[in-house]
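Worksheet: one structure, shown below.
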Amino acid sequence: MGKRAGLGSVGFAVVAALAAACSSTVGGSGQAVGGGGSPSAGAADLSAVLHKDITVRNHVTGHVDYPDSPPLGGNHNPVWADCTGTVYTRPVANENAVHSLEHGAVWVTYRPGLDATGLTALEALVNGHDYTMMSPYPGLDHAVSVQSWGYQLKTDDATDPRIKLFIGTYRQNPKTTPEYGASCVNPDFPGA
């Protein structure tokens, strides 16, 4: 298990900039954060991050039909997936992963068959870092999708610098985490 890390001064600056952008550009219908467009060469930005206001977050049993794949919030299973920098080799049920998002985790998902270089790059961002988890996600429409509660970034490049920026911005973010401070430890979760 890794050491719990907070946002550094750069992370807070990014959060402040995103908060300003969100207040004027993001609605509940699901829009990209920021002014749109693509990041300039060599620079990482989060203008392509999808944001949705998630209004329901009840504990339920059974399957949940989520409007997004992978999901970025909503009703979820009462049991959360261990998110202490856990790298899963098998898919994690959406309902358990969404509960982890509610606790402030960032869930890194990848399309099965991702090359070894991509897997190594993603594992370095997750393995041993509290409030993160990683798993394969069959049927993913991009090579990589990164989720936190209400936010999602998809990319076809596992070494995209925006992935690291996303994790640093949204992991255990007190402004976006519904249950800020809740535990991510669940050693009894299968595969943990």
Side-chain angles (χ1 to χ4, degrees), residues 6-7 10-39 44-81 83 91-110 125-126 130-135 137 139-142 144-155 160 162-184:
L7 292 175
V10 172
F12 281 116
V14 170
V15 170
L18 285 173
C22 288
S23 66
S24 62
T25 62
V26 176
S29 63
Q31 301 174 10
V33 172
S38 60
D45 73 29
L46 296 176
S47 62
V49 170
L50 173 71
H51 173 258
K52 288 191 173 183
D53 290 327
I54 309 297
T55 58
V56 295
R57 57 184 190 96
N58 301 305
H59 289 176
V60 297
T61 57
H63 175 76
V64 176
D65 252 342
Y66 293 102
D68 299 290
S69 181
L72 51 149
N75 290 334
H76 50 270
N77 191 280
V79 177
W80 63 90
C83 43
V92 173
N94 287 336
E95 297 80 8
N96 301 108
V98 168
H99 194 157
S100 298
L101 299 182
E102 183 185 42
H103 287 198
V106 172
W107 180 26
V108 177
T109 57
Y110 60 92
L125 296 173
V126 173
D130 280 351
Y131 293 93
T132 63
M133 57 189 261
M134 174 178 155
S135 68
Y137 199 90
L140 191 60
D141 59 354
H142 286 73
V144 178
S145 182
V146 188
Q147 294 69 229
S148 68
W149 188 270
Y151 295 88
Q152 183 174 67
L153 172 69
K154 292 186 176 186
T155 179
D160 188 328
R162 296 176 301 164
I163 298 170
K164 183 176 183 178
L165 182 59
F166 184 99
I167 293 170
T169 301
Y170 296 110
R171 179 181 59 186
Q172 263 292 276
N173 182 323
K175 295 184 181 194
T176 61
T177 299
E179 291 187 5
Y180 180 76
S183 177
C184 247

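For clarity, every value in this text was computed on a predicted model and none was experimentally measured. For the single chain, residues carry numbers from 1 onward in sequence order.
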Test item: [X] and [Y] side chains (from C-beta on) under 4.5 Å apart, heavy atoms:
X      : Y      : answer
Val144 : Ile163 : yes
Gln152 : Ser145 : yes
Val49  : Tyr170 : yes
Tyr151 : Leu101 : no
Val64  : Asn94  : no
Val108 : Phe166 : no

Distance-only polar pair, side chains of Trp149 and Thr177, donor-acceptor under 3.5 Å: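 No, no side-chain donor-acceptor pair sits under 3.5 Å.
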No-hydrogen, no-angle side-chain donor-acceptor test under 3.5 Å, Tyr131 and Asn173: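 On atom types as modelled, these side chains do not qualify, holding no pair under 3.5 Å.
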Steps toward side-chain contact (heavy atoms from CB on, under 4.5 Å) verdict (Leu165, Leu46): CA-CA 8 Å; Leu165 182 59; Leu46 296 176; 3.7 Å; yes
Is the backbone N or O of [Y] less than 3.5 Å from a side-chain atom of [X], with the two atoms forming a donor-acceptor pair by type?
X      : Y      : value
Gln147 : Trp107 : yes
Asn96  : Val79  : yes
Asn75  : Asn58  : yes

Euclidean distance, Glu95 CD relative to Ser100 OG, rounded to 0.5 Å: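 Nearest 0.5 Å value for the OG-CD distance: 12.0 Å.
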Pairwise distance OG1(Thr109) to CG(Leu140) - rounded to 0.5 angstrom: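 Reported value, rounded in 0.5 Å steps: 5.0 Å.
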Quick one: closest heavy-atom pair of [X] and [Y], and the distance?
X      : Y      : answer
Gly150 : Ile54  : CA-CG1, 3.9 Å
His76  : Val98  : CB-CG1, 3.8 Å
Ser183 : His103 : O-ND1, 2.5 Å
His59  : Asn77  : CD2-O, 4.4 Å
Arg162 : Asp160 : NH2-OD2, 2.6 Å

Lys164 atom NZ: more than 12 heavy-atom contacts under 6.0 Å: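 Counting neighbours around NZ of Lys164, 12 or fewer heavy atoms of other residues, nucleotides or ligands fall under 6.0 Å, so no.
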